[in-house]
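Presented below is the structure to which this report refers.
Order of the sequence lines fixes the chain letters, A, B, ..., with proteins taken first and strands second; residue numbering starts at 1 for each chain.
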4 protein chains.
Amino acid sequence: MIIQLDMQSDVPIYNQLMNQIIEGIASGSLKPGDPLPSVRSMASDIGINLHTVNKAYTLLKQEGFIQIHRQKGVVIQPDTMPGITPEYQDKRNAYLKPIIAEAICRGLSEEQLLQIVRDMHNEITQTGEENV
Amino acid sequence: MIIQLDMQSDVPIYNQLMNQIIEGIASGSLKPGDPLPSVRSMASDIGINLHTVNKAYTLLKQEGFIQIHRQKGVVIQPDTMPGITPEYQDKRNAYLKPIIAEAICRGLSEEQLLQIVRDMHNEITQTGEENV
Amino acid sequence: MIIQLDMQSDVPIYNQLMNQIIEGIASGSLKPGDPLPSVRSMASDIGINLHTVNKAYTLLKQEGFIQIHRQKGVVIQPDTMPGITPEYQDKRNAYLKPIIAEAICRGLSEEQLLQIVRDMHNEITQTGEENV
Amino acid sequence: MIIQLDMQSDVPIYNQLMNQIIEGIASGSLKPGDPLPSVRSMASDIGINLHTVNKAYTLLKQEGFIQIHRQKGVVIQPDTMPGITPEYQDKRNAYLKPIIAEAICRGLSEEQLLQIVRDMHNEITQTGEENV
DNA sequence: GTGGTCTAGACCACA
DNA sequence: GTGGTCTAGACCACT
């Protein structure tokens, strides 16, 4: 699991880290039950403060993507991944809408847009298969 | 053009305002050449700070969605809308990837995901037709 | 709103602060829409670090008891307070069970236990009436 | 006596273990004079660290719920159970108050709250009768 | 001036 | 050694 952070991005580091881990799960390179590095080792691995890692882990735990075991470490949610909650749908649509709107403005057709989504979907799911 | 802002959202107000205007253009309720309220009147209309509106307008101008004329006021880009630039593609993909990854984690199939995009695309483009 | 913290308690400070605010709401001394001190002023008022206050506020926001407006400050949830969610019920029962079990062990009758709850309920709700 | 631990809970393991034993006493499934497994066997039974069990036992002994004899092992307090001490009352009220306050905030009436306590009281005392 | 983020260092409870 | 908490100081975006 290689974490790539953009320190110049306007997206907070803890948020980027969360996204990378979620992508890892989506791609299959992180499987349910897999251990994650401790906050300290993850922090030193990617060169950021341990509190930033801690924040990312805590939020991922709150959303149900990982489990934090007391003094044992962190693992990818081994039971059921979080499902399609109304809050998730609201959040997802709120983030998706501006993207689609801008795409329309810039002249992308519906089919082009769908193709981009298809490509990115395949890119994510196929990334993991290499690691299997 | 009705602007809906969520003051509690973590999305900055100026960003929400930009998105609303872009959605207006995408839906067709704002057409090329259409005038936009002045910074001052927009600010008082929706009850936010003048500088916030100014920031939104300036950024929209930078991206090429609107034109700001000193005397004539603000109008939707009457000439060619901004196209598919590499910067746009990078930004779009950067925002799209985490959304798709999380959708996969939560068990959405590729087809369900595409359907959501289709629905939202139709929602945006049809919203405008009512206003024609 | 007077905040009383026990720095010696095993209950984390941010947790005590959350509880005090929730009690304030329950008693009616904090009403929906009422403003709360900024993280900085609350922190200096009660002599703790602003990050600790921030943590309490953030968690209260996540649970829906308060709203954090961007750059405007913090107010008690003016709309609908959080309701009876399954997660709340689980958490409440998990905390309540050991208390009731120990009470039984120590020889409290069911009626005595209920009376304690009644008394405490009245104590909380009447505290606020003085402040009306 | 079946011990159920939640390794992901924020409640320390030794605390959960204490609570389970107290609930066992409250329900009657553990009676005064009944033997408890040794620290060693309890630890291996429920798959936790020996020191964790030791800590739970020591605290239970301090509070007077069990007796620890060097040779004879561990037994539920055969003489008088700990009573209603001022320290107990303070601790109980400190834990009870936030629960009741939150219940009020979430719209539970006093009667609903009392009913929850009644139900839980019956749940605990009736659980034991099955084991008699 | 407000909250949000990041860094840093320290202590503690837990296992 | 692990995560949890608290403190402290700094910078930034937003309004």
Side-chain angles (χ1 to χ4, degrees), chain A residues 5 7-17 35-44 46-59 61 66-75, chain B residues 5 7-17 43 47-56, chain C residues 5 7 9-17 35-44 46-59 61 66-75, chain D residues 5 7-17 43 46-56:
Chain A
L5 298 181
M7 306 306 277
Q8 314 306 331
S9 166
D10 57 335
V11 181
I13 296 180
Y14 75 87
N15 221 321
Q16 293 184 47
L17 180 53
L36 241 46
S38 74
V39 285
R40 280 175 178 77
S41 65
M42 172 68 92
S44 71
I46 57 185
I48 62 174
N49 190 281
L50 90 172
H51 293 107
T52 308
V53 178
N54 194 28
K55 182 163 188 177
Y57 279 9
T58 304
L59 288 169
K61 171 190 154 199
I66 65 175
Q67 285 185 353
I68 301 181
H69 286 80
R70 41 184 53 266
Q71 280 69 35
K72 271 184 167 183
V74 181
V75 298
Chain B
L5 298 180
M7 304 306 279
Q8 296 154 243
S9 165
D10 57 336
V11 181
I13 304 285
Y14 77 88
N15 220 320
Q16 292 185 47
L17 180 54
I48 63 174
N49 192 292
L50 187 142
H51 297 96
T52 309
V53 178
N54 196 34
K55 181 162 188 176
Chain C
L5 298 181
M7 306 306 277
S9 167
D10 58 334
V11 180
I13 295 181
Y14 75 87
N15 222 319
Q16 293 184 47
L17 180 53
L36 242 46
S38 74
V39 284
R40 280 175 178 77
S41 64
M42 172 68 92
S44 70
I46 57 184
I48 62 174
N49 190 282
L50 91 171
H51 293 107
T52 308
V53 177
N54 195 27
K55 182 163 187 177
Y57 278 9
T58 304
L59 288 170
K61 171 190 155 198
I66 66 175
Q67 285 185 352
I68 301 181
H69 285 79
R70 40 184 56 264
Q71 278 68 34
K72 271 185 168 182
V74 182
V75 297
Chain D
L5 299 180
M7 304 306 280
Q8 297 155 244
S9 166
D10 57 337
V11 181
I13 305 284
Y14 78 88
N15 220 320
Q16 292 185 47
L17 181 53
I46 55 184
I48 62 174
N49 193 292
L50 188 143
H51 298 96
T52 309
V53 179
N54 197 34
K55 181 162 188 176

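As rounded to whole Å, 14 Å separates atom C1' of dT7(F) from atom CG of Asn54(C). Counting to the nearest Å, the C1' atom of dT5(E) and the CD atom of Gln8(A) are 15 Å from each other. Following rounding to the nearest Å, Gln16(C) (CD) and dC6(F) (C1') show an atom-to-atom distance of 13 Å. Taking atom NE2 of residue His69(C) and atom C1' of nucleotide dG4(E), one finds them 17 Å apart after rounding to whole Å. The nearest whole Å value for the distance from the CG atom in Leu5(A) to the C1' atom in dT5(E) is 14 Å. Following rounding to the nearest Å, Leu59(A) (CG) and dC6(E) (P) show an atom-to-atom distance of 11 Å. If you take CE of Met7(A) and C1' of dC6(E), they are 8 Å apart, rounded to a whole angstrom. Straight-line distance from the CD1 atom of Ile68(C) to the P atom of dT15(F): 15 Å, rounded to whole Å.
With contacts defined as side-chain heavy-atom distances shorter than 4.5 Å, the pair Gln8(B)/His69(C) qualifies. Between Val74(A) and Met42(A), every side-chain heavy-atom pair lies at or beyond the 4.5 Å cut-off.
Taking Thr52(D) as the reference, Ile13(D), Tyr14(D), Ile48(D), Asn49(D) meet the side-chain contact (heavy atoms from CB on, under 4.5 Å) condition, with sequence neighbours excluded. Ser9(A) pairs by the side-chain contact (heavy atoms from CB on, under 4.5 Å) definition with Asp6(A), Val11(A), Gln16(A), not counting sequence neighbours. The side chain to side chain donor-acceptor pair (under 3.5 Å) test applied to Ser41(A) returns Ser38(A), not counting sequence neighbours. By the side-chain contact (heavy atoms from CB on, under 4.5 Å) test, Val39(A) is found to be paired with Val53(A), Asn54(A), Tyr57(A), residues two or more places apart in sequence or in another chain being considered.
Distance check, rounded to the nearest 0.5 Å: CD1 of Ile66(A) to OG1 of Thr58(A) gives 7.5 Å. Here CG of Asn15(A) is found 10.0 Å from CG of Asp10(A). Values are rounded to the nearest 0.5 Å.
Nearer to the 5' terminus of DNA chain E, by closest-nucleotide assignment, is the contact made by Gly73(C) (compared with the other of Lys72(A) and Gly73(C)).
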Base versus backbone protein contacts along nucleotides 8-14 of chain F [heavy-atom cut-off under 4.0 Å; B, S, -]: BB---BB
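For Leu50(D) against Ala43(D), the heavy-atom pair with the smallest separation is CA-CB, 3.8 Å.
Taking a pair as Watson-Crick or G-U wobble with both distances under 3.5 Å, DNA chain F forms stems of 3 or more consecutive pairs at E:1-14 with F:1-14.
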